[in-house]
Amino acid sequence: MSLAEFDEIKYDHSTTRLDVPSNYLIRKARRNPHGLEDLRKSMKSATIYVGNLSFYTSEEQIYELFSKCGTIKRIIMGLDRFKFTPCGFCFVIYSTPEEALNAVKYLSDTKLDDRNITLDLDPGFEDGRQFGRGKSGGQVSDELRFEFDASRGGFSVPLVDRIGVNNSHNFGARRVRDTYIPGQDDAFEDEEEELDTYIPGQD
Amino acid sequence: MSGVKRRHDFDDDDGYRDYRPRMPKRQRIPPVVQLCKEMMPDIRTIGESVKAFEEDIKFLSEAIVNEFGNEKYFRTALLSTLYAVVVEQPQKQPAIALLTMAVNSGSPTTGKSILNFFFTKLQEWADHSIDDSFEVTSNETGAWNKIKLLLRFLSLLSPMVLQDELILLYKKLFELSVELNNLHPEKRNPLSEAIYTNTLLDIPYLFFFERTNESLRENVAELISYVETQYQVKQTNISLIKEYNKNPPYEAVQWIQAVLPNVKRVLADNMQQLSELFPDYDHLLPEQPESQGFNDPLNLPTVTQLESFSGLDKGLGSVDGMWKTPRHSFRVYLPNSIGEFETVIPLTTYAGMLFDDIIIDIVESVEFNRKEVARQVITLDLFFKPGIFTEPGQSIAQLVALHEENPIISTFKIEDLAIENILSLIFKLPTVSQSFAYFYTLLVEICQNSPKAIAPVFGRAFRFFYNNLDSLDLELKLRYLDWFSIQVSNFNFSWKWNEWEDDSMKFGESFYNPKVTFMRNLIRKELRLTSNRPDVEDSLTDEFKKYLDSSFIPKDQLLQYYQSFFKDFQVDPELLRDNDLYFRQDCFPFHEKVQRLLDYFHKQPLDRNVNEIESILKELQADHGEIIVDFNRFAVTLLTQTLVYCGNRSISHANKYISDSRNELEELFSKMELAQDLKELWIIEAVIRYWNCNSQNGFLIIDTFKNGDMVSIKSVLNFSFLDVNDKNWGLVDATSIESTIRNLTELSLRKDISVETFEFIFERLVSIVGDVITKLEVSLEEEIVAPDIDEGSMIDVSAELPRLDLTWKYEISMSFIKSILRKYSDEYLSMSERLKTVTDSNISHAPTRTLLQQWLTELEQL
């Protein structure tokens with residue numbers, strides 16, 4: 001699906017802008033009938049999505065850094081939907097859309113708690129989105145991760161799956177998306193990265 | 001250049017242009033789009049590779065000449081790209097001008113089209129300059145800054161443009177600046193200063209490709225003598241916007257004073273300085289056909305139209321806005337700290353001023369991509385004559401050695417220049433042009449690109465500010481603290497703490513010493529930025545471990561606070577634990593009732609009835625009233641702390657509990673027959689004492705109470721500036737100061753402006769100052785200045801500490817007043833006469849009174 005102004009090549013600046021939807025959002029929007037609308041909404045919303053946080057990063061730490069871009073109205077920590085513990089993402093709601101864009105421009109790829117955080121535009125928070133949508137309750141991206149990451153719960157793929165060769169394991173991106181999650185509307189999925197990493201033993 | 005080569009391939013491939021996919025499997029890009037996609041990035045990066053420069057100009061100009069007449073898409077893309085580079089990356093202007101003139105020699109019509117386009121832009125910006133409804137984005141530098149950049153570009157095109165027409169542009173701008181300046185001869189006119197400086201700064205660019213043109217020289221000499229005689233440079237001195245409250249480490253130079261001598265000097269001696277600054281592109285410049293003119297004369301707005309805009313205070317652009325107050329030099333890398341040489345080109349040279357101007361333009365206009373800015377500002381030397389700067393990454397030790405060996409070799413460091421300019425934007429007073437986060441992360445980005453070269457440069461800046469903390473403006477101290485903490489948090493919190501050990505040993509016991517308060521606040525802030533405490537702990541030397549205790553007030557005072565609720569009952573200090581509700585401890589006589597309160601607040605709001613709390617409180621009073629001193633105070637504190645405890649997992653938890661219970665508390669509190677101020681003070685105190693281990697949380701939770709209208713901003717400020725045994729946390733603790741600023745800013749943004757709170761805080765601070773003066777027992781005329789205590793001084797610090805502390809307290813309070821007067825000048829201006837009376841009646845100490853009066857008078861100049 002064409003994404004109107006988001007597909008255009010622009011010549012109005014001498015370099016690219018950092019406050020544009022990420023490739024992930026663009027790809028997602030293309031698959032979604034309301035994609036364009038959502039993208040436009042996300043350019044005007046005061047909400048941003050913050051990813052790649054350490055599970056141990058607290059709301060107060062996020063406040064300390066993100067308040068340098070504007071007045072924060074609310075921080076919504078992303079939680080493991082079974083354990084209700086932080087699972088590595090959050091939404092920050094500013095008081096104006098400009099502040100949200102500023103955060104995306106200025107803070108993406110900076111370090112918080114020794115991790116490079118990722119920021120993305122967001123059309124606006126809705127209840128339910130604060131929960132991880134992975135099978136285990138956390139973020140899908142963690143379930144696709146093979147490396148050990150101490151601040152994101154260590155290994156997430158069980159050892160047997162990491163070395164296994166059978167096709168019965170469930171960590172392929174598509175399979176995970178099919179998982180039924182009560183109360184979740186597929187249109188609002190956004191936490192996980194769609195990874196195209198090579199997975200050994202998978203066709 | 002791959003784009004251009006590809007295009008040639010397409011040309012060979014006959015019929016390619018007619019190719020229309022019938023059923024494209026995936027979207028195919030039309031050839032012209034493909035061409036632009038490949039060619040425009042080459043224009044944007046022109047000059048970045050010195051080796052490819054000559055070829056780039058050649059191939060690009062040929063391609064433009066061939067393509068310009070064909071498709072509108074190409075023309076639009078090309079002109080937009082050229083324009084974007086000209087206004088966003090002014091260092092590349094000479095390259096773009098060269099490209100334009102190469103095009104012009106190949107096709108004068110195309111050259112003329114490009115010239116027309118830029119002239120139209122110039123006219124557009126002149127029109128925008130009086131457009132109130134003009135929408136400003138964060139990367140907008142302002143109409144007059146754009147006019148400066150476009151005029152500079154047109155000046156570069158001097159070989160292809162009729163000389164008289166170019167000179168006429170200058171003349172009109174100078175005349176306008178003179179007229180504006182004469183509007184009110186006694187008052188400074190910001191716009192006039194901006195136009196005057198900008199236009200003068202552009203003049204040398206007329207000679208970029210025309211160094212030997214005699215008639216041009218004559219015309220320019222005439223222009224310069226016109227402004228020199230007609231423009232009256234005004235002296236302004238506003239102490240409210242000075243970065244240092246006393247003993248400035250350098251004498252600031254004002255742009256308006258320095259620009260004309262700079263320009264005259266650069267053009268003198270057969271333009272010797274100019275040829276040392278600008279690269280020589282003459283051999284690349286093809287023969288120009290007949291000179292072109294502009295289609296229309298430039299129409300500048302009239303002085304009357306401009307009058308209401310001439311304060312440059314309407315927020316119509318970041319760089320234009322910098323002229324609101326007199327622009328002056330800001331230094332960090334001073335020569336005397338390292339040796340007898342400069343590492344930054346001084347503002348009193350044309351080159352120094354131009355570099356400052358260009359760096360600020362890049363930083364402000366490309367704020368949407370800090371990564372690009374980080375790259376451009378550090379490689380600026382590529383676009384100027386080689387040899388101006390020393391090798392990139394040269395250390396100071398190497399420079400000292402080099403300088404000794406050969407004193408005429410350049411010691412200018414491009415890193416110092418770029419970073420000093422970015423710091424000047426961070427430390428800009430009275431207002432800052434972008435969010436702090438931008439500048440902070442821009443600096444982090446620059447450091448990440450080449451840590452080895454940049455980290456020592458930052459280190460020198462950190463030390464410079466640290467050494468000047470005694471006199472640095474209070475607001476700037478906060479910015480320094482923020483920058484420092486964010487910077488080190490991105491680099492594992494590593495800092496050479498041992499450098500500061502002496503100060504900590506000497507002044508560790510002091511409450512107000514600027515260096516100690518800075519270190520204390522810094523370590524606490526670092527702790528707030530990490531979830532892994534050892535990261536910070538391990539970075540500290542033993543001397544500093546004592547600052548790891550982040551208690552807001554010391555434990556004994558906390559104990560006193562809890563003890564003050566009771567009679568005939570001893571509070572056990574062991575039970576005062578961080579982030580725990582004291583009243584629920586098992587040993588407490590009524591802990592079960594407190595548990596019932598906790599259970600109550602944990603219930604869903606719909607399932608509860610406020611009578612339940614009332615009955616618990618009644619029982620409590622009946623059963624244990626005899627050990628409680630003031631039951632109302634106890635009840636307010638208990639309820640507040642119970643709520644805060646329920647929401648102790650995070651700020652949003654606290655928010656939830658507080659907003660769920662807001663109405664209930666209000667109902668309960670309203671039944672107490674007490675002054676509202678008192679209740680609010682108790683609420684605030686209860687929260688801050690609960691979060692004694694993390695006052696930042698405490699103040700953020702107070703914000704929630706405030707947003708729910710349960711406490712007023714005035715009450716928060718009243719609490720913050722309470723003086724207990726001469727200790728006033730509101731003056732030294734960063735979380736408290738941040739809360740104060742946050743609250744005042746919120747108040748100033750509200751529509752219904754009531755200045756009462758602003759008046760309150762001014763009076764409160766003045767009374768603190770008055771109190772300190774009394775305690776210092778100085779004579780009415782004697783200045784109060786904290787002594788410089790360095791290794792050589794004879795002061796016995798431990799014996800003198802109480803008095804020293806009072807002097808520092810005096811300086812901090814005064815600096816606080818200065819900062820808020822400046823920051824909220826609009827609010828204070830409206831009541832300045834009243835405040836002068838307040839000052840007169842409260843302060844009898846002459847130097848203090850004079851200074852306060854002076855600040856109040858200066859308000860109208862902000």
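Quick note on labels: first sequence line is chain A, next is B, and so on, each numbered from 1.
- Both the backbone and the side chain of B/S650 come within contact range of chain A, with heavy atoms under 4.5 Å apart.
- Atoms CG and CG, from A/D19 and B/N139 in turn, are 8.5 Å apart once rounded to the nearest 0.5 Å.
- Between the side chain of B/S80 and the main chain of A/Y11, no donor-acceptor pair closer than 3.5 Å is present.
- In this structure, CD in A/E64 is found 9.5 Å from OG in B/S489, a value given to the nearest 0.5 Å.
- Of the atoms belonging to A/D113, heavy atoms from both backbone and side chain fall under 4.5 Å from chain B.
- Only the side chain of A/Y63 comes within contact range of chain B, with heavy atoms under 4.5 Å apart.
- In this structure, CG in B/N492 is found 5.0 Å from CG in A/D114, a value given to the nearest 0.5 Å.
- In terms of heavy atoms, A/S14 sits closest to B/Q89 at OG-NE2, 2.9 Å.
- Contacts of B/E367 with chain A are made by both backbone and side-chain atoms, with heavy-atom separations under 4.5 Å.
- From A/L112, atom CG reaches atom CG of B/N490 across 9.0 Å, with rounding to the nearest 0.5 Å.
- With chain B as partner, the option from A/R17, A/R74, A/H13, A/K111 having the largest number of non-hydrogen pairs under 4.5 angstrom is A/H13.
- To the nearest 0.5 Å, atoms OG1 (A/T71) and CZ (B/R742) are separated by 9.5 Å.
- Not a single donor-acceptor pair under 3.5 Å links the side chain of B/E372 to the backbone N or O of A/T15.
- Of the atoms belonging to A/S108, heavy atoms from both backbone and side chain fall under 4.5 Å from chain B.
- When each of A/D109, A/V20, A/V104 is checked for heavy-atom pairs under 4.5 Å with chain B, A/D109 comes out on top.
- The distance from the OG atom of B/S652 to the CD1 atom of A/I75 is 7.5 Å, given to the nearest 0.5 Å.
- The main-chain N or O of A/K105 is found under 3.5 Å from a side-chain atom of B/R370 such that the two form a donor-acceptor pair.
- Under the 3.5 Å distance criterion, the side-chain polar atoms of A/E60 are left unmatched by any main-chain donor or acceptor of B/R528.
- Across every non-hydrogen atom of B/E88 and A/D12, the tightest pair is OE2-O, 4.1 Å.
- Of all heavy-atom pairs between A/L107 and B/A437, the closest is CD2-CB, 4.1 Å.
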